[in-house]
Structures are given as structure tokens and as C-alpha cells.
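Before any comments, here is the structure.
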There are 2 protein chains.
Amino acid sequence: MKFDKIIHEPARLKIMMILSGVEQADFNFLLTTLALTRGNLSRHMEKLESASYLKISKSFKGKMPNTSYQLTQKGSKALAQYWENLDAVRRLGQA
Amino acid sequence: MKFDKIIHEPARLKIMMILSGVEQADFNFLLTTLALTRGNLSRHMEKLESASYLKISKSFKGKMPNTSYQLTQKGSKALAQYWENLDAVRRLGQA
DNA sequence: GCAAATAAGTTTGCGTTGCAAACTAAAAGC
DNA sequence: GCTTTTAGTTTGCAACGCAAACTTATTTGC
């Protein structure tokens, strides 16, 4: 019943949950939705990527760079597992 | 939808959940149940107390010192709020 | 056309914190 | 009476989240 530290950070958990509900989302969408600073968001995404929980796709929208993210299968699984663990902890209350 | 950092630490969340299910629990019970080191547990309890989330009662069981903990009302409320926030994040998935 | 402002990220630096190991103090065993 | 065990507390360090500074490219104002 150990927690995944990568996911167990509020900002990253929210990011993962958002990504789990859509095909993909780009930097600005996450930025405005979550109200983080750019620096913060960047670091979180980097961390999630280094865990292979998401895939980063860089492209250009017109002439502007655009970075887009989507959950990997590994990320999906880790997220599901995370919620399971949390539910287990929640049940500690009914002891 | 901000998270309570005091509670949002796996060990402390578990502690709070356990305490929410019983009147009170002592140091050794938590120690064996959670499989933490003594030092760790001590620090977590200290932190929870300094947030007034629990009350510490020191007494003697026979001749041995015994430290016992119980959730305060403030702690109970914070814990309930914590789960509410988490549920809100969970719903981000159905976007 | 070039200087200033905006956009889209990344990198750096710092303060906080969780964790393990070392320490303390008292009781029990031999 | 000395060693071991019990019950914690304190200390030190490595990792991490966050904000601010920096980078690179683009658009806009004059």
C-alpha cells in the first residue's frame, strides 16, 4: 500500500486526471486550467515524462511552438493503481 | 481545491484515518500497524499536533510511559475536507 | 526595419520536509 | 550492577516543489 510519489503531488495528480479524460492536452490548456506558473508546469511535465507516464509531442501551431501531452498506458495504469491505494487507505477509517 | 499539506502525506493520512475509526490509539499500535520507524512516527505526530489535528496524552501503563493520541474536532473536519477535495480531483477524469 | 512587448517554455536557487540514523532516558532481565 | 529492551526525541541530509530569472522566437508599434 505504498504511494506513487510521482503521482501523489496535487498538481501532477490533477494533470494526470485531466489527461485521463481527453486524448491529449497542450501546455497552455493545462496552464490556464490549473493556474500554475509556466516554470512549475514545465517541471511537473518533465517529471511525469521521465517516469514515462506521458508522451510529449512538440509541433508548431502556425508559427508558434506548441507542446502537447498524452498519457501513456503505463501512466494510465499507475493512475488507476494510485486510486486503488487511496481507496484502501480510505477504508482504514472503518476499523 | 487546494490540498492540506499536513494531511497529504501518506503516513499522516493513514494515521488520521486510523484515528478516525477509533477513540484513541497509542504510539506502539500506530508503530506496528504502519511499520514506520519510531523517529518518523514521532515527527509525524508532532506535526499533526502542532496543527491541532490531534491531542497527545502521555501517561503510564504500569511503569512504562505510554503516549496516546486522539483526533480533535478540527482534525476530523480537516480530514473530511481532504477527502472532499480529493473526490473533486477524481472527477476531473470525467471531462 | 527595429525596438519593445508578448509567447512558450526551461533553468536556476532556495526553503521546506520526509526519512534514517544517532541519541536519551528509564525499566527489565541476568 | 551491567546489559538489553522499550519508548520515544533530536539531528543531518538528500530530494523536492515553487518562484523568479533566463532563453528563444514572434508579433506589434512607431
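Chain letters run A, B, ... following the sequence lines, proteins first, then strands; residues in each count from 1.
Counting to the nearest Å, the C1' atom of C/dA26 and the NZ atom of B/Lys61 are 18 Å from each other. Between the CD1 atom of B/Ile56 and the P atom of D/dG8 there is a distance of 10 Å, given to the nearest Å. To the nearest angstrom, P of C/dT17 lies 9 Å from CZ of B/Arg43. Taking atom CD1 of B/Ile15 as the reference point, atom C1' of C/dG18 lies 12 Å away to the nearest angstrom. Counting to the nearest Å, the P atom of C/dT17 and the CZ atom of B/Arg12 are 9 Å from each other. Atom CZ of A/Phe60 is separated from atom C1' of D/dT24 by 10 Å (rounded to the nearest Å). A/Lys58 has its NZ atom 9 Å from the C1' atom of C/dA8, to the nearest Å. A/Leu36 has its CG atom 10 Å from the C1' atom of D/dC18, to the nearest Å.
Between A/Asn40 and the phosphate of D/dG17, there is no side-chain N or O to OP1/OP2 separation shorter than 4.0 Å. Considering only side-chain N and O atoms, A/Thr67 lies under 4.0 angstrom from the phosphate OP1 or OP2 of C/dG9. Put simply, B/Lys63 has no side-chain N or O that comes within less than 4.0 Å of OP1 or OP2 on D/dT6. Applying the 4.0 Å criterion to OP1 and OP2 of C/dT17, one finds that B/His44 has every side-chain N and O outside that range. At C/dT10, one or more side-chain N or O atoms of A/Ser42 fall inside 4.0 Å of OP1 or OP2 (strictly under the cut-off).
Note: B/Tyr82 and B/His8 have tilted aromatic rings, judged against thresholds of 30 and 60 degrees for the angle between ring planes.
For B/Asp26 and A/Arg38, each mapped to the nucleotide of DNA chain D holding its nearest heavy atom, the one lying further toward the 5' end belongs to B/Asp26. Between A/Lys47 and A/Pro65, it is A/Lys47 whose nearest contact on DNA chain D lies nearer the 5' terminus.
In this structure, the side chains of A/Phe29 and A/Asp26 come closer than 4.5 Å at one or more pairs of heavy atoms. Between B/Leu41 and B/Ile15 the shortest side-chain heavy-atom distance falls below 4.5 Å. At least one side-chain heavy atom of A/Arg38 sits under 4.5 Å from a side-chain heavy atom of A/Asn28.
Using a 4.0 Å heavy-atom criterion, one finds that B/Glu9 contacts the sugar-phosphate atoms exclusively.
Of the listed nucleotides (D/dA19, D/dC18, C/dT11), D/dA19 has the atom at the smallest distance from the side chain of A/Thr37. Among the nucleotides C/dG9, C/dT12, D/dT10, the one closest to the side chain of A/Asn28 is C/dG9. When distances are taken from the side chain of B/Met64 to each of D/dG12, D/dA7, D/dG8, the shortest belongs to D/dA7.
The closest donor-acceptor contact from the side chain of B/Arg12 to the backbone of B/Ile6 lies under 3.5 Å.
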